[in-house]
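Single-structure report; data block below.
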Amino acid sequence: RAAQGRAYGNLGNSHYLLGNFPKAVAFHKQRLAIAKEFGDKAAEKRAHSNLGNAHIFLGRFDVAAEYFRKALQLSRQLKDQAVEAQCCYSLGNTYTLLQDYEKAIDYHLKHLAIAQELGDRVGEGRACWSLEDAYMSLGNREQALYFAEKHLEISQEVGDQD
Amino acid sequence: VQRMHLIQVDSVQRWMEDLKLMTDCE
């Protein structure tokens, strides 16, 4: 049964990479059910993240946000800060797609704080870029400029010319 | 409408490009 769970997860990921998102969702839901059966929180977290990702490409941003929120909750239970940062980043972007910029900013600031704590400059740069866009969407040019400058500084430091 | 919106936000577009190849592996 445990191996069956892993197989479902792998099938879900394969379909996802092929762009077959409805099939990916179906397999990841099976994976999630088996993870719950075993009380395997790490696998449950993975299934939620994968389901969130697939729903982004299905255009179901509201559903994606729910899966990412659950993944965030589990990453906190698992005390995995890198994963927590990843979940916050996904939530920030998803709320931007939902045009809820205040919530997007809230999650991007959480992502930024963890990236700073972990010394992840690339993550910090991404967070600044996202905050720059979210503040611009809100018409807050002063804050947007602040994060644009930080983004530029970090991009130069990490050699990201793009 | 949701799909059109994302085209306007560079940082989100970049995230989605990365996301296409991102799977949380078993």
Is it the backbone or the side chain of [X] that comes under 4.5 Å from a heavy atom of chain B, or both, or neither?
X       : result
S49(A)  : side chain
D40(A)  : neither
E132(A) : neither

Is the number of heavy atoms from other residues, nucleotides or ligands under 6.0 Å of [X] [atom1] greater than 12?
X       : atom1 : result
E102(A) : CD    : no
K23(A)  : NZ    : no
F21(A)  : CZ    : yes

Check your understanding: L19(B) and Y16(A): which non-hydrogen atoms are nearest, and at how many Å?
Key -> O-OH, 2.6 Å

Going only through I, L, V, M, F, W and Y residues with side-chain contacts under 4.5 Å, is there a path from [X] to [Y]?
X      : Y      : result
Y95(A) : Y67(A) : yes
F61(A) : L58(A) : yes
L91(A) : V9(B)  : yes
L32(A) : V25(A) : yes
Y8(A)  : F38(A) : yes

Review point. Considering the options T96(A), T94(A), I56(A), which one meets the side chain to side chain contact (heavy atoms under 4.5 Å, CB included) requirement together with V12(B)?
Key: T96(A)

Minimum side-chain heavy-atom gap [X]-[Y] below 4.5 Å:
X      : Y      : result
K45(A) : D24(B) : yes
K20(B) : F57(A) : yes
W15(B) : S90(A) : yes

Atom pair [atom1] ([X]) and [atom2] ([Y]), whose distance is rounded to the nearest 0.5 Å:
X       : Y      : atom1 : atom2 : result
R14(B)  : N93(A) : CZ    : CG    : 12.0 Å
M22(B)  : N50(A) : CE    : CG    : 11.0 Å
M136(A) : S11(B) : CE    : OG    : 12.0 Å

Check your understanding: So, R126(A) and D18(B), do they make that salt bridge, N to O below 4.0 Å?
Key -> yes

